[in-house]
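The block underneath contains the structure these notes are about, expressed in structure tokens.
This one's a predicted model, so the numbers in the text were calculated from it and none came from an experiment. Note that ligands are numbered from 1 as they come in the structure, with each ligand's atoms numbered from 1 the same way.
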Amino acid sequence: MKHLHSGKVRDLYELPGGELLIVARDSISAYDHVLDTPIPDKGRILTQLSLWWFERLADVVPNHVVSTDLPDGSPAEWEGRAVVVRRLDMIPVECVARGYLTGGGLKDYRKSGAVCGIVLPEGLEDGSRLPEPIFTPTTKAAVGGHDQPMTYQDVEQLAGAGLASRLRDITMEVYRRGAELALERGVIVADTKIELGLREGELVLGDEVLTPDSSRFWPADDWEPGRSQKSFDKQFVRDWLVSPESGWDPASGTAPPALPAHIVEQTRAKYVEAYERLTGRSWA
Ligand SMILES: CCOC(=O)Cn1cc(-c2ncnc(N)c2C#N)cn1
């Protein structure tokens, strides 16, 4: 099959029949670096979590999944982390919903009191829950660049008023459903990014959905506005990388060192925990 594109932690291939194959790697990224050390089973766990969400959200929006059967000629190690998907005409907008303020949105809020043109109340801090979830779309930055915030009017100009309204409605409903279910199971979904495409004039959910790679997952019992929140899955990696033990400085611009085995194991366990808590299924 023909390799089309490599993201930070996933690869995209074209199949002979014109469909695409998305393969999730066991890679993990932190401090804007894709680490050399893989997290065993991360690709499979997040692929199976995303498939579970696609099914649960089928009444909100159709999705691009065709099959999870490995195409002939695929490496056996792709089993469980490769998905055959329909080719969509992707809309060049990262459709982001935020229920909590942090990251780039917090930066924009501190500068202007608004995020993507949406004015927010005063006095919000890092990790504050927003009065209502908001639609905060961004452009799809080129490789190595950073996504730029878009106002809703920008989305209308790019996709037309009708489509813009559907993009927002679907994004907000996917977030609402995901955040509500996750919170019941002890996980805050602070924000999430989905990608939508057109197929025969119909909007179809692409990419992955409500995974710790496409969303910020926080442990609910540790939430405390006014400081940066712990990442449900990436905190062990982040803390170790900035600990004296790693000998690494994020500001150095150098590549991070390999992770010690105990950090890898603890991180794998967090992916298993996220999958089991959210789906109610055992990973074994
Ligand atoms: C490495 C994985 O892909 C991406 O990161 C972003 N991307 C998605 C597409 C796409 N293009 C057409 N049809 C689709 N169903 C999809 C999807 N998903 C292209 N790049």
Side-chain angles (χ1 to χ4, degrees), residues 1-30 32-35 38-39 42-58 60-71 74-75 77-97 104 137-148 150 155 158-159 163 166-167 170-171 174-175 178 191-216 271:
M1 63 208 60
K2 180 179 164 204
H3 174 257
L4 285 185
H5 169 77
S6 278
K8 280 189 168 179
V9 295
R10 291 176 311 153
D11 300 312
L12 190 66
Y13 297 87
E14 184 174 49
L15 297 176
E19 287 157 340
L20 302 177
L21 186 72
I22 298 180
V23 182
R25 298 197 306 273
D26 287 346
S27 310
I28 187 168
S29 77
D32 275 338
H33 290 269
V34 177
L35 306 189
I39 306 296
K42 173 176 180 281
R44 256 182 294 281
I45 295 169
L46 295 198
T47 296
Q48 297 310 314
L49 177 58
S50 187
L51 290 168
W52 181 82
W53 282 116
F54 274 128
E55 270 172 48
R56 277 186 86 87
L57 293 163
V60 176
V61 57
N63 61 66
H64 65 161
V65 176
V66 171
S67 156
T68 57
D69 296 339
L70 265 191
S74 309
E77 53 146 10
W78 286 2
E79 185 58 48
R81 57 190 178 93
V83 184
V84 179
V85 299
R86 296 198 191 299
R87 182 188 287 272
L88 305 175
D89 182 12
M90 299 311 284
I91 294 169
V93 178
E94 305 278 275
C95 292
V96 178
T138 67
T139 58
K140 285 181 155 185
V143 176
H146 284 280
D147 297 348
Q148 298 306 314
M150 296 173 81
V155 181
L158 183 144
L163 212 47
R166 295 273 297 127
L167 293 176
I170 292 169
T171 304
V174 166
Y175 176 75
D191 51 50
T192 197
K193 183 268 290 184
I194 62 171
E195 296 196 27
L196 288 154
L198 285 167
R199 177 176 161 74
E200 292 157 11
E202 189 189 31
L203 271 176
V204 177
L205 188 51
D207 198 32
E208 62 185 314
V209 57
L210 289 163
T211 71
D213 278 349
S214 69
S215 321
R216 284 188 173 90
Y271 287 115

Table of N or O contacts for ligand 1, cutoff 3.5 Å:
unit_1	atom_1	unit_2	atom_2	d
ligand 1	5 (O)	R10	NH2	3.4
ligand 1	13 (N)	L88	N	2.8
ligand 1	15 (N)	H64	ND1	3.0
ligand 1	15 (N)	R86	O	2.8
ligand 1	18 (N)	D207	N	2.9

### Query
Quick one: side-chain contact (heavy atoms from CB on, under 4.5 Å) partners of V9, sequence neighbours excluded?
S27, K42, D213
### Query
For E195 and S214, what are the C-alpha separation, side-chain angles and deciding distance, and is it a side-chain contact (heavy atoms from CB on, under 4.5 Å)?
CA-CA 10 Å; E195 296 196 27; S214 69; over 6 Å; no
### Task
Could I get the full list of side-chain contact (heavy atoms from CB on, under 4.5 Å) partners for Q48, not counting sequence neighbours?
L51, Y275, W283
### Task
Please identify each residue that fulfils side-chain contact (heavy atoms from CB on, under 4.5 Å) with E14, with sequence neighbours left out.
K2, L4, L20, R87
### Query
So among I28, L46, I45, which one has a side chain to side chain contact (heavy atoms under 4.5 Å, CB included) with P212?
L46
### S67 side chain to V84 backbone, donor-acceptor under 3.5 Å
no
